[in-house]
Participant: 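Starting off with a structure, shown below.
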Amino acid sequence: MRQQIVAGNWKMNKTLDEGIELTKSILETVEKPRGLVVIAPPFTHLRDVGKMIKVRKHFHLAAQNCHHEQKGAYTGEVSADMIASCGAEFVIIGHSERRQYFKEKNDVLAQKVNVALAKGLRPIFCCGEPLHIREVDTHVGYVAKQLKASLFHLHEEDFRKVVIAYEPIWAIGTGRTASSDQAQEMHHAIRVLVAKKYGKIVANDTTILYGGSCNAQNASELFAQPDVDGGLIGGASLKAEDFATIIAALK
Ligand code: PEP
């Protein structure tokens, strides 16, 4: 089912105590959200943050990544099973920072999607183009390739559990946001790609979030676009007031 979602990706920020404080402030500041609120703290905070939010309707927990194998000798890694056992329902997969700094390629991301789904987690699958691709106007083809390589092998039942996050790399953490027209154009293009693969009903049911310098000032305009179903928020999710304003911007 298509859902309105605001997800906060804390990245590698906040100690455990700071994360607990931030969660407290978010819970105090956000009143009845119109959609789902997903919080993605670091792995080390999952259980504590999860316990705090599970008493609140509409709040859900996510991890920021998972390993592509189920278990084994992968020192320092965290499995989908472990994440689920801490209470998470979602996992972010394919964030551009993972692709860039940890060299995660489309095939490994497909494995992550599979293992997450097998363990009952809903992937928040990130896609998006770098600036040089946008500049030569091949962004739709670039994103299509990411989706085909990492998601479109799924059967419809599993695909329906996936949330797509369109995050143009040139807009992430840069303060440079895609315009609402640029976001709408790409979200619509993604929906058309999904329709070609899974049919119109599935496409219409697919949740597609925008990410990339979305903040308290621009969220309403972005979320007002017909194919934008909310946002994946980095920097602005670290301030309870800003995050609450963004959540209030949901349709
Ligand atoms: C992100 O990390 O997914 C993101 C969108 O970051 P920011 O909002 O800081 O651009």
Side-chain angles (χ1 to χ4, degrees), residues 1-65 83-84 86-92 95 121-126 161 163-167 171-173 175 177 180 183 187 207-251:
M1 193 189 50
R2 189 153 158 193
Q3 290 165 309
Q4 295 288 305
I5 299 178
V6 168
N9 173 16
W10 293 3
K11 311 194 187 192
M12 197 171 73
N13 293 297
K14 305 289 176 191
T15 62
L16 180 57
D17 284 348
E18 289 166 353
I20 288 171
E21 267 314 301
L22 175 59
T23 308
K24 242 190 238 166
S25 308
I26 291 170
L27 291 173
E28 280 164 12
T29 319
V30 176
E31 287 178 4
K32 287 187 191 141
R34 275 194 285 275
L36 304 189
V37 178
V38 177
I39 298 184
F43 289 134
T44 45
H45 308 9
L46 280 175
R47 203 159 155 73
D48 289 276
V49 172
K51 276 186 186 163
M52 291 174 76
I53 64 175
K54 87 169 178 211
V55 295
R56 277 284 293 274
K57 211 176 158 197
H58 304 305
F59 277 74
H60 300 267
L61 187 67
Q64 298 173 18
N65 178 35
I83 289 164
C86 288
E89 294 164 79
F90 293 84
V91 57
I92 299 171
H95 191 283
L121 294 167
R122 292 183 63 189
I124 300 175
F125 181 80
C126 303
K161 297 172 189 156
V163 171
I164 295 174
Y166 168 60
E167 301 206 303
I172 298 179
T177 322
S180 48
H187 283 228
T207 302
I208 310 175
L209 310 181
Y210 169 79
S213 299
C214 181
N215 56 38
Q217 286 72 46
N218 59 27
S220 310
E221 198 186 328
L222 286 161
F223 297 176
Q225 301 308 307
D227 286 298
V228 177
D229 304 314
L232 176 54
I233 317 299
S237 71
L238 297 170
K239 291 185 199 128
E241 294 267 329
D242 288 0
F243 194 50
T245 305
I246 294 168
I247 293 164
L250 283 174
K251 287 197 266 284

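This is a predicted model, so every value here is computed, not measured.
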Participant: Mind checking side-chain hydrogen bond (donor to acceptor under 3.5 Å, both in side chains) for K11 and listing every partner two or more places apart, or none if nothing turns up?
Facilitator: E97
Participant: Counting distance only, does the side-chain N/O of K251 pair as donor-acceptor with the main-chain N or O of G230 below 3.5 Å?
Facilitator: no
Participant: Suppose we screen for ring-ring contact (aromatic ring centres under 6.0 Å, His included). Which residues come up paired with Y166, at least two apart in sequence or across chains?
Facilitator: H187
Participant: Measuring only between side-chain heavy atoms, which start at C-beta, is P41 closer than 4.5 Å to L61?
Facilitator: yes
Participant: Can you name the one residue among V30, L36, V49 that meets side-chain contact (heavy atoms from CB on, under 4.5 Å) with F59?
Facilitator: V30
Participant: Mind checking side-chain contact (heavy atoms from CB on, under 4.5 Å) for A171 and listing every partner two or more places apart, or none if nothing turns up?
Facilitator: P168, Y210
Participant: Using a 3.5 Å distance criterion without hydrogens, assess whether the side chain of R34 forms a donor-acceptor pair with backbone atoms of Q4.
Facilitator: no
Participant: Residues two or more places apart in sequence or in another chain: which of them pass side-chain contact (heavy atoms from CB on, under 4.5 Å) with A219?
Facilitator: C214, F223, I246, A249
Participant: Is there a donor-acceptor contact under 3.5 Å from the side chain of R122 to the main chain of K161?
Facilitator: yes
Participant: Quiz question: by atom type and distance under 3.5 Å, do the side chains of E221 and S180 form a donor-acceptor pair?
Facilitator: yes
Participant: Side chains of D227 and I208: does their closest heavy-atom pair fall under 4.5 Å?
Facilitator: no
Participant: What residues form a side-chain contact (heavy atoms from CB on, under 4.5 Å) with T15, not counting sequence neighbours?
Facilitator: D17, E18
Participant: Quick one: does any side-chain atom of T29 pair with a main-chain N or O of E241 as donor and acceptor, under 3.5 Å?
Facilitator: no
Participant: Among residues at least two apart in sequence or on other chains, which ones pass side-chain hydrogen bond (donor to acceptor under 3.5 Å, both in side chains) with N215?
Facilitator: N218
